[in-house]
Amino acid sequence: MNNETPDPVKDEQMINAAFRHLLDTYLASNHRKKVEVITKAFNFAKKAHSGVRRLSGEPYIMHPIAVAQIVCEEIGLGSTSICAALLHDVEEDTDYTNEDIANLFGPKVANIVEGLTKISGGIFGERASLQAETFKKLLLTMSDDIRVILIKIADRLHNMRTLSSMLPSKQYKIAGETLYIYAPLADRLGLNKIKNELEDLSFHYEHPQEYEEIKAKLAGTQAERQTIFDEFTAPIRQELDKTKLKYHILARVKTPYSIWQKMQNKHITFEEIYDILAIRIVFEPSSPEEEVNECFNIYVALCRIYKPQPDRLRDWISHPKANGYQALHVTLMSNRGEWIEVQIRSKRMDDIDEQGVAAHWKYKSPGTDYSDDELSKWLHTIKEILDDPQPDTLDFLDTIKLNLFANEILIFTPKGEIKTMPAGSTALDFAFSIHSFLGSHCIGAKVNHKLVPLSHKLQSGDQVEILTSRSQHVQPDWIQYANTAKAKSKIRALLRRDEREKRAQGEEILRHFLQEKEIEMSSAVVDKLCRFHEIPSRDGLLLAIGEKSITLTDADAAFIQGRQKKVSSWKKFIPFIGNKTKETDDTDIKKMFVEGIDRKKTFILNEDSIKLCKIADCCHPIPGDDAMGYIDPSNEFIIHRRDCPIAEKLKSNYGNRVVAVEWQMHHINVYPATIYVKGIDVQGILMAISEVIYKKLDLDIKSLNVTTDAGIFESKITINLHDTVDVKNICSALLGIKGIVKAVRIN
């Protein structure tokens with residue numbers, strides 16, 4: 001937080017300079033020059049936010065100006081969007097209403113601002129988070145005007161660029177929400193540059209140490225990459241100069257986040273990633289009609305210079321991605337013996353990759369009907385999902401997120417028609433994509449004329465025929481076979497209908513049981529039974545009774561009447577009491593220090609009280625991991641790794657329940673961690689590993705699994721250790737053993 005005394009003169013100069021820059025950017029664009037209305041919106045917003053400052057200390061109006069600058073310069077939108085960006089916080093943070101904005105700036109601007117305004121109503125009911133409600137409102141408005149979500153992404157980008165002024169718990173919430181929802185949204189809308197920046201900024205705040213390490217390694221290898229780039233592109237330039245095309249060649253370097261993701265997913269080091277560098281060729285076609293031909297002409301020219309990898313040709317020109325992305329990708333063998341990917345694209349294709357749907361509009365011909373394009377189809381699918389109300393926030397966001405990924409496969413119907421499906425789609429997904437009735441009565445499919453089950457994953461180019469039966473009905477396990485948003489939402493809707501009937505049966509069984517035991521039915525009685533059976537909700541209890549998975553007995557009646565107590569599963573022990581944190585926040589929850597863990601349970605210290613908490617079973621964090629705390633609906637405090645998939649969902653859905661935590665590194669308790677080891681299978685290698693762990697590091701091996709194949713061995717060793725420092729020491733020591741080439745911690 002900036003504690004300097006505000007200087008009105010400097011503030012005014014800074015505000016006017018930022019707005020002048022915005023106008024200059026707008027005047028340099030191809031949009032109609034509506035400077036007057038933009039200036040009017042600026043003056044209105046400036047007056048509305050007068051005297052208000054951001055956490056960073058700058059005048060609040062600097063935020064709407066910055067969002068408008070992103071909207072204009074980086075997304076390429078026009079005056080309506082710029083005005084909406086300047087006014088996007090007026091309705092939420094001031095006394096002005098949407099009616100005021102409509103009267104001054106017209107219904108289009110007012111509707112966009114309304115879509116961008118956070119809501120406090122209950123779309124999902126009490127179980128929902130404000131974040132999910134806000135997101136649903138955005139999507140509802142987006143289906144009518146895509147500019148709503150484009151401006152929201154610009155708003156999120158500027159918030160991420162200025163996130164350093166926030167407290168850690170807020171940083172985790174906002175960064176997690178950005179990675180989980182906004183980066184995939186930007187990707188789905190073709191905003192590749194913004195998507196990359198959102199991911200990198202989130203990575204920077206969630207894992208600052210890893211981010212800085214990768215940035216330093218990228219900087220340290222820059223000179224080597226430049227040499228490779230110059231050597232590789234020199235003969236390409238000579239060949240392309242003969243074509244008389246206007247072109248330029250760029251080096252595309254993987255982002256820190258994408259590098260880190262690959263390191264995590266493949267359990268490899270930075271040095272083992274061989275596709276950090278790629279080459280991009282962008283050219284001006286001699287005419288629009290020759291654009292595709294000239295792409296392939298460049299491809300042929302490249303193959304005369306370098307040998308291509310046969311199975312690495314990606315033709316996104318003939319079959320564009322659903323976000324409009326078009327390019328030709330080819331992987332070539334360099335003279336250094338390294339595979340290098342080359343992306344070939346026209347200036348139009350490059351603009352669409354950088355600015356997404358905004359650039360897509362720019363290149364559309366007047367009078368062309370685009371109601372059938374991929375973006376329209378995607379928005380229609382989003383609308384279908386929104387029309388089916390989801391009672392559970394996590395289900396809703398998961399369903400939407402499933403539909404954001406841009407990786408696609410092409411599937412043929414029996415009549416030869418092409419349907420675009422997300423990668424990983426199953427036969428069941430395809431059935432629901434054709435029609436809900438077809439999906440709900442699907443019994444199997446024929447893929448390339450061969451019979452397959454519903455769970456069969458489809459490959460690009462498959463021809464699929466769906467087999468149905470009127471006696472077939474949706475089954476609960478179908479949700480495991482579905483990977484698309486539409487299929488999952490339809491299956492859940494049909495299952496909920498069945499569940500309502502079973503809950504009604506369960507309520508009738510419970511009522512009859514209580515009458516027999518002469519107990520009056522009330523919400524307190526139902527709550528007691530929920531606690532007794534460890535079921536979190538009333539609906540869950542009634543469903544379990546209706547499904548006969550719970551049978552009511554005398555023990556239930558005894559617990560209700562207080563004649564029997566439930567044995568607590570908590571393990572009692574004395575916590576280590578450390579220093580309290582001096583961190584302050586505007587919420588009730590302050591930063592907490594994690595104390596005295598015994599693998600499953602822990603005590604932590606709050607400002608004024610000691611609170612019992614758990615270590616999450618999904619990711620098993622250990623001291624030193626980037627971690628966060630989450631207070632669940634039953635008021636238990638659970639520690640997750642910040643990169644845990646469950647934690648990502650929690651940050652995106654229940655950010656107000658996320659708490660910053662800091663480990664107290666006492667080096668007393670031990671935790672299980674699994675180390676993956678790979679190397680050459682030589683005699684005595686296991687003994688050498690055991691000696692390093694037992695004798696050199698004095699740690700206990702909990703389990704050891706070894707497989708060998710053709711002289712190579714792989715091993716997963718679970719070790720009881722103290723913290724991440726032990727992990728680094730173990731991996732370093734193991735790599736010192738002759739024959740071992742890899743030693744990394746895995747989940």
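Counting from 1, the numbers follow the sequence of the chain as shown.
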Any heavy-atom pair between the side chains of Val706 and Ile717 that's under 4.5 Å? no

With no hydrogens and no angle check, is any side-chain donor or acceptor of Lys488 less than 3.5 Å from a backbone partner on Ile479? yes

Has the side chain of Gln472 got a donor or acceptor atom that lies under 3.5 Å from a matching backbone atom of Cys442? yes

Intermediate values then yes/no, side chain to side chain donor-acceptor pair (under 3.5 Å), Ser455 and Thr426: CA-CA 6 Å; Ser455 57; Thr426 62; over 6 Å; no

Checking the side chain of Asp429 only, and the main-chain atoms of Ala482 only, is there a donor and an acceptor separated by less than 3.5 Å? no

Distance-only, no hydrogens or angles: does the Gln171 side chain make a donor-acceptor pair with backbone N or O of Leu163 under 3.5 Å? yes

Partners of Lys528 by salt bridge (charged side-chain N to carboxylate O under 4.0 Å, His left out), sequence neighbours excluded? none

If you count the non-hydrogen atoms of other residues, nucleotides and ligands that lie under 6.0 Å from NZ in Lys517, is the total more than 12? yes

Measuring only between side-chain heavy atoms, which start at C-beta, is Met628 closer than 4.5 Å to Val659? no

With distance as the sole test, does Arg642 use its side chain to make a donor-acceptor pair with the main-chain N or O of Glu206 at under 3.5 Å? yes

Are the side chain of Gln209 and the backbone N or O of His207 linked by a donor-acceptor pair below 3.5 Å? no

Minimal heavy-atom distance between Ser169 and Val658, with the atoms involved, is CB-O, 3.8 Å

Would you find a donor on one side and an acceptor on the other, under 3.5 Å apart, between the side chain of His620 and the backbone of Asp617? yes

Run Ile466 and Phe430 through side-chain contact (heavy atoms from CB on, under 4.5 Å) and show every step you take. CA-CA 8 Å; Ile466 299 300; Phe430 184 73; 3.9 Å; yes

For Ala647 and Arg641, which heavy atoms make the closest approach, and how far apart are they? CB-O, 3.3 Å

Thr468 and Ile443, any side-chain heavy atoms less than 4.5 Å apart: no

If you draw the axis of the six-membered ring of Tyr676, does the NZ or CZ of Arg745 fall within 45° of it and under 6.0 Å from the ring centre? no

So, taking the atom named CE in Met521 and the one named CD1 in Ile519, what distance separates them when rounded to the nearest 0.5 Å? 11.5 Å

How long is the span from the CG atom in Leu650 to the OH atom in Tyr172, to the nearest 0.5 Å? 15.0 Å

Give a yes or no on whether a salt bridge exists between Glu507 and Arg538, defined as a side-chain N under 4.0 angstrom from a carboxylate O. yes

May I ask you to test the Glu210-Asp626 pair for a side-chain heavy-atom distance under 4.5 Å? yes

Using a 6.0 Å cut-off, check whether atom NZ of Lys457 has over 12 heavy atoms from anything other than its own residue. no

Classify the angle between the aromatic ring planes of His435 and Phe437 as parallel (below 30°), tilted (30 to 60°) or perpendicular (above 60°). perpendicular

Looking only at side chains, do Ser425 and Thr484 share a donor and an acceptor under 3.5 Å apart? no

In the structure I gave you, are the side-chain heavy atoms of Leu704 and Ser715 within less than 4.5 Å of one another anywhere? yes

Taking all non-hydrogen atoms of both residues, which atom of Gly439 and which atom of Leu428 are closest, and how far apart? O-CD1, 4.0 Å

Return yes if some donor-acceptor pair links the side-chain N/O of Asp625 with the main-chain N/O of Pro621 below 3.5 Å, else return no. no

Determine whether Leu514 and Ile560 satisfy the following criterion, side-chain contact (heavy atoms from CB on, under 4.5 Å), listing intermediate values before the conclusion. CA-CA 10 Å; Leu514 294 176; Ile560 293 168; 4.1 Å; yes

Residues two or more places apart in sequence or in another chain: which of them pass salt bridge (charged side-chain N to carboxylate O under 4.0 Å, His left out) with Arg500? none

Asp477 side chain to Gln480 backbone, donor-acceptor under 3.5 Å: no

Is there a side-chain contact between Ile491 and Phe432 in this structure, where contact means two heavy atoms from C-beta onward sitting under 4.5 Å apart? yes

Just verifying a value: how many Å separate Leu542 CG and Cys530 SG, rounded to the nearest 0.5 Å? 7.5 Å

How far apart are the C-alpha atoms of Ile615 and Ile622, what are their side-chain angles, what is the distance that settles it, and do they pass the side-chain contact (heavy atoms from CB on, under 4.5 Å) test? CA-CA 9 Å; Ile615 292 296; Ile622 65 174; over 6 Å; no

Would Asp556 and His533 count as having a side-chain donor-acceptor pair, cut-off 3.5 Å? yes

Within the 3.5 Å criterion, strictly below it, is a donor on Arg156 or Thr178 matched to an acceptor on the partner's side chain? yes

Salt bridge present between Arg496 and Asp539 (N-O < 4.0 angstrom): no

Residues Leu55 and Ser165: closest non-hydrogen pair is CB-OG, 3.8 Å

CZ on Phe637 to OH on Tyr630, rounded to 0.5 Å: 11.5 Å

Heavy-atom side-chain contact between Ile639 and Lys614 under 4.5 Å: no

Using the side-chain contact (heavy atoms from CB on, under 4.5 Å) rule, take Leu454 and Trp478 through it: C-alpha gap first, then chi angles, then the decisive distance, then the call. CA-CA 8 Å; Leu454 299 179; Trp478 282 18; 3.6 Å; yes

To check you understand the geometry: which heavy-atom pair defines the closest contact between Ile545 and Gly506, and what is its length? CG2-O, 3.7 Å

Test item: Asp187 side-chain N/O and Ala183 main-chain N/O as donor-acceptor pair under 3.5 Å: no

Are Ile693 and Ile675 side-chain neighbours, meaning at least one heavy-atom pair lies under 4.5 Å? no

Rounded to the nearest 0.5 Å, the CZ atom of Phe559 sits from the CZ atom of Phe532 at a distance of 6.5 Å

At what distance, to the nearest 0.5 angstrom, does OG of Ser440 lie from CZ of Arg470? 10.0 Å

Return each pair, listed once, that meets salt bridge (charged side-chain N to carboxylate O under 4.0 Å, His left out) where at least one residue sits in residues 518-527; pairs must be two or more places apart or across chains. none

